[in-house]
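Here is the structure we will look at.
If you read the sequence from its start, that first residue is 1, and numbering goes on from there.
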Amino acid sequence: MSEHSARAADTPEPPNRAARVEVPDSATEVFVAHRNLLFTVAYEILGSAADAEDVLQETWLRWTAVDPATVRKERAYLVQIATRQALDRVRALGRRKESYVGPWLPEPLLTAPDVAEDVALADSVSMAMLLVLETLAPVERAVFVLREVFDLAYDEIADAVDKSPAAVRQLAYRARAHVAARRPRGTVSPAQTRAALHAFQKAVETGELQGLLDILAPDVVALSDGGGVRHALLRPIVGADKVARLLAGGWWKRDVTRSLEPVQINGGPALLVRVDGQVDGVLAVRVENGYVTGAYHVRNPDKLSHVAYETAISR
């Protein structure tokens, strides 16, 4: 273990959930101060808000068993606990994904407008980036997130993933190269994003095929996630013509009252879809150079609980 490690000892096991634990006020304050960051770490590793909340609970239980006086770097120590818990949960999540019906999309989060102002944070939690991170092995994903997004030192990451600092450097290098080859490219101003979302919303609402073709990139990709519970695409749709025809007809032209509300999901532009006044799904979009390059439609009701209120995330 490095002399600069934030860990005082191996992460302790949590106390019995039913037991009463006396937690010093200072320890509670430290945890609360880092809560949003810990949630964000877990969410970026898991892509699931529900699982990230469970990781927070386990992290808290372990933190209550620690003597804060023995911890030199509270932020790094808490991140290490949360990362270990998230990696443990990835295994169970992976088994669920193997039997998942249709494409799997991350659980969408309704985020505050200021999240988009932190470009690095917004990019790291975007639907497009989370899908790229899904192609990494779990430990590589954790290393990439902790290094590139949260700027932890290699020795701190080593303790979190139970690897040597040298091994972590190699993992970070491979993960960066993997992500760089697959991550979305192109920048867009907030004004361009708003204009693109407005044009996209109008075209979808009216079913205007040419309007959709004008705003969709030639290689746009559409994915939808119904989890086997709601009607959704069983495979990705690629190409402006196919995606435009899907959006102009298909799911929109039905005998129900639908509405679209512009919102910010995972730090980026999206439309909240309501059917007869009830939330039916989220249509998040990726905008690059003024065009929509990705459309991510989440309808699985088990994944929509975090679009009813803003979720605080931070670095």
Side-chain angles (χ1 to χ4, degrees), residues 40 43-44 46-50 52 102-113 115-116 118-119 121-134 182-188 190 192-205 212 215-217 219-227 230 232-233 236-238 240 243-244 246-247 250-252 258-275 279-311 313:
T40 309
Y43 176 73
E44 292 199 18
L46 292 160
S48 164
W104 180 94
L105 289 174
E107 186 174 350
L109 305 177
L110 182 67
T111 49
V115 171
D118 185 337
V119 176
L121 176 61
D123 179 67
S124 71
V125 298
S126 69
M127 286 284 188
M129 177 56 77
L130 290 176
L131 286 173
V132 172
L133 294 181
E134 276 292 308
R182 293 163 178 80
R183 76 188 308 163
R185 292 180 173 83
T187 59
V188 59
Q192 286 178 310
T193 298
R194 289 192 296 270
L197 184 63
H198 176 74
F200 180 74
Q201 177 183 353
K202 180 181 178 182
V204 172
E205 286 177 333
L212 285 164
I215 194 61
L216 297 175
D219 57 350
V220 61
V221 178
L223 295 166
S224 66
D225 178 343
R230 297 280 182 83
L233 302 172
I237 302 297
V238 182
V243 174
L246 171 73
L247 293 172
W251 65 278
W252 186 251
R258 292 179 186 261
S259 64
L260 300 177
E261 176 190 351
V263 293
Q264 182 173 274
I265 294 292
N266 290 50
L271 299 171
L272 186 64
V273 183
R274 288 189 173 89
V275 173
V279 173
D280 181 75
V282 168
L283 183 58
V285 297
R286 174 78 182 185
V287 177
E288 298 178 68
N289 299 317
Y291 293 94
V292 172
T293 59
Y296 314 101
H297 188 202
V298 181
R299 294 196 70 211
N300 185 345
D302 293 337
K303 293 186 176 184
L304 297 176
S305 62
H306 281 71
V307 301
Y309 56 87
E310 289 183 356
T311 296
I313 60 175

Go through the steps to decide whether L131 and L223 satisfy the test side-chain contact (heavy atoms from CB on, under 4.5 Å), and finish with yes or no.
CA-CA 11 Å; L131 286 173; L223 295 166; 3.7 Å; yes

Partners meeting side-chain contact (heavy atoms from CB on, under 4.5 Å) with [X] (sequence neighbours left out):
{"X": "T111", "result": "L109, V115, Q264, I313"}
{"X": "V238", "result": "V221"}
{"X": "A295", "result": "A222, L283"}
{"X": "D219", "result": "A217"}

Test side chain to side chain donor-acceptor pair (under 3.5 Å) applied to E310 - qualifying residues, sequence neighbours left out:
none

Would you check if [X] and [Y] make a side-chain contact, meaning some heavy-atom pair closer than 4.5 Å?
{"X": "M127", "Y": "P108", "result": "yes"}
{"X": "V273", "Y": "V279", "result": "no"}
{"X": "D225", "Y": "P103", "result": "no"}
{"X": "R274", "Y": "E261", "result": "yes"}
{"X": "E107", "Y": "S305", "result": "yes"}

If I take atom [atom1] from residue [X] and atom [atom2] from residue [Y], how far apart are they, to the nearest 0.5 angstrom?
{"X": "T293", "Y": "L216", "atom1": "OG1", "atom2": "CG", "result": "10.0 Å"}
{"X": "S224", "Y": "L246", "atom1": "OG", "atom2": "CG", "result": "7.5 Å"}
{"X": "L197", "Y": "K202", "atom1": "CG", "atom2": "NZ", "result": "14.0 Å"}
{"X": "H198", "Y": "T193", "atom1": "NE2", "atom2": "OG1", "result": "14.5 Å"}
{"X": "Q201", "Y": "L260", "atom1": "CD", "atom2": "CG", "result": "5.5 Å"}
{"X": "L272", "Y": "S259", "atom1": "CG", "atom2": "OG", "result": "7.5 Å"}

Salt-bridged, D280 to R299, with N to O below 4.0 Å?
yes

Tell me, with the steps shown, if F200 and V287 meet side-chain contact (heavy atoms from CB on, under 4.5 Å).
CA-CA 10 Å; F200 180 74; V287 177; over 6 Å; no

Identify, with sequence neighbours excluded, every residue that meets salt bridge (Lys or Arg N to Asp or Glu O under 4.0 Å) alongside R183.
D123

Looking only at heavy atoms, which two atoms of [X] and [Y] are closest? And how far apart?
{"X": "A270", "Y": "A284", "value": "CB-CA, 3.6 Å"}
{"X": "A232", "Y": "G226", "value": "CB-N, 3.4 Å"}
{"X": "A122", "Y": "G267", "value": "CB-O, 3.8 Å"}

The side-chain contact (heavy atoms from CB on, under 4.5 Å) partner of I215 among V204, V285, V292 is V292

Out of V263, V298, V282, which one pairs with V307 under the side-chain contact (heavy atoms from CB on, under 4.5 Å) rule?
V282

Could you please spell out the steps behind the side-chain contact (heavy atoms from CB on, under 4.5 Å) verdict for H306 and L110?
CA-CA 6 Å; H306 281 71; L110 182 67; over 6 Å; no

Between N266 and Y43, is there a side-chain donor-acceptor contact under 3.5 Å, judged purely by atom types and distance?
yes

